[in-house]
Protein chains: 2
Amino acid sequence: MPRTSTKADAPVRRVASGYRLEDQAGFLLRRAYQRASSNLVDRIGSYDLTAPQYATLARLYERGALSQNLLGRLVAMEPANIRDVVLRLKKRRLVATRRDATDKRLILIDLTTAGVALVEQLIPIEIECTATTLAPLKADERRLLYGLLGRLAEG
Amino acid sequence: MPRTSTKADAPVRRVASGYRLEDQAGFLLRRAYQRASSNLVDRIGSYDLTAPQYATLARLYERGALSQNLLGRLVAMEPANIRDVVLRLKKRRLVATRRDATDKRLILIDLTTAGVALVEQLIPIEIECTATTLAPLKADERRLLYGLLGRLAEG
DNA sequence: TCGTTATCGTTATGATCATAACGATATGCC
DNA sequence: GGCATATCGTTATGATCATAACGATAACGA
């Protein structure tokens, strides 16, 4: 019998009921995202880019110049976070910023020519990477997963 | 015509091809996880617990005392990260640590009585929270999603 | 017009995350 | 026994993340 008596913070034993962490959606989603993110970093890591940084560049490539705040919403990042990402990308001359002429609150972000060139290199790699992530699933299962995830994210 | 001429880092325009960030698995998974995590924090935030902290406590509740390293693997955290989580939980007296008698490398982590009491309060809340996250889906869709996510995480 | 409200970006704080390098201890094999 | 290898925990660095509070600017309504 282990001595779990006197000390106030002594370890305790118990029996787990029907609850399992693996049955919780958040835990499953976290692990799946870890896997996907790790797949991406494996491939674009040599470019010294993270997944959120890539998403930011890709969004700018799709949409052209955007205000920092809107850019953040479009990549699902809070204002304080997109700011830091933009700063890092700006330091590397992948994006450029300028003030909006009519709305003095806005900072417009856009890709530089170097940023465009990099994104165009990366897009095919990201598409391959998505294929790797989804490799365990068949085509119809992938479509199913996308639909389900989309509905989860929308709420 | 905007003046994108002289400056080296001047913004550039371009046309997006068939590529869409929304079609990339990593981005979808990140947003779905954000949603799930936010649902959880909305409910257990008043306990000053994060999702990873809860997962750590729940795992200890299921399994009893574990080495720090194994605990980390069971909640999908690197050694450096689980260390910090354990430190925070220990500071709040929710877990206790002790040295393994036979293997001097190991630090055994276990719930305190306070930790057990907290987990038992939190488990029903987490189950509700998972229900909230999965609310957009029907029962058969939830099972489907779990199966697909599980296969993604396994690789 | 003036005052209220909303939006944008910043700052600060604290908690994940991943990675690499390192010492200490175990384990394996010879 | 002794040495190579593996595992465990730590440290350090840097990049997300979320939240709250704040000043500046816009937008809106009385």
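Chain identifiers are assigned alphabetically (A, B, ...) following the order of the sequence lines, protein sequences preceding nucleic acid strands; residue numbering begins at 1 within each chain.
Of all nucleotides in DNA chain D having an atom under 4.0 Å from a heavy atom of chain A, the first and last in 5' to 3' order are D:dA15 to D:dA26.
Counting only residues at least two apart or in different chains, salt bridge (Lys or Arg N to Asp or Glu O under 4.0 Å) contacts with residues 37-47 of chain B comprise B:Arg43-B:Glu128. Sorted by first and then second residue, the side chain to side chain donor-acceptor pair (under 3.5 Å) pairs with a member in residues 134-145 of chain B read A:Arg151-B:Glu141; sequence neighbours excluded. Legend: side chain to side chain donor-acceptor pair (under 3.5 Å) pairs involving residues 72-82 of chain B, not counting sequence neighbours, sorted by first then second residue: B:Asn69-B:Arg73.
Contact check of residues 27-56 of chain B against DNA chain C (heavy atom, cut-off under 4.0 Å) returns B:Tyr33, B:Thr50, B:Pro52, B:Gln53. Of the residues in residues 66-82 of chain B, those with a non-hydrogen atom less than 4.0 angstrom from any atom of DNA chain C are B:Glu78, B:Ala80, B:Asn81. Within a heavy-atom distance below 4.0 Å of DNA chain C, the residues of residues 99-109 of chain A found are A:Arg105, A:Leu106, A:Ile107.
Applying the side-chain contact (heavy atoms from CB on, under 4.5 Å) criterion to A:Ala117, with sequence neighbours excluded, gives no partner residue. A search for side-chain contact (heavy atoms from CB on, under 4.5 Å) contacts involving A:Leu106 returns A:Ser67, A:Asp100, A:Asp103, not counting sequence neighbours. Residues meeting the side-chain contact (heavy atoms from CB on, under 4.5 Å) test with B:Gln121, sequence neighbours left out: B:Tyr47, B:Leu118. The salt bridge (charged side-chain N to carboxylate O under 4.0 Å, His left out) check on B:Arg59 picks up A:Glu22, B:Glu62, with sequence neighbours excluded.
The shortest non-hydrogen separation linking B:Ile44 to B:Thr50 is CD1-O, 4.1 Å.
The shortest distance between side-chain heavy atoms of A:Val85 and A:Arg88 falls below 4.5 Å. Proximity of A:Glu126 to A:Leu40: side-chain heavy atoms (C-beta onward) are separated by under 4.5 Å at one or more points. By the 4.5 Å heavy-atom criterion applied to side chains, A:Leu74 and A:Leu70 are counted as neighbours. Side-chain atoms of A:Leu148 and B:Leu137, non-hydrogen and from C-beta on, do get closer than 4.5 Å to each other. When side chains are defined from C-beta on, A:Tyr146 counts as touching A:Leu134, because their heavy atoms get closer than 4.5 Å.
Using a 30° and 60° split on the angle between ring planes, B:Tyr33 and A:Tyr33 fall in the parallel class, below 30°.
When the local axes at the two ends of the helix from C:dT1-D:dA30 to C:dC30-D:dG1 are compared, using 5 base pairs at each end, they differ in direction by 30° after rounding to 10°.
Judged purely by distance below 3.5 Å, without hydrogens or angles, the side chains of A:Thr132 and A:Asn39 never pair a donor atom with an acceptor atom.
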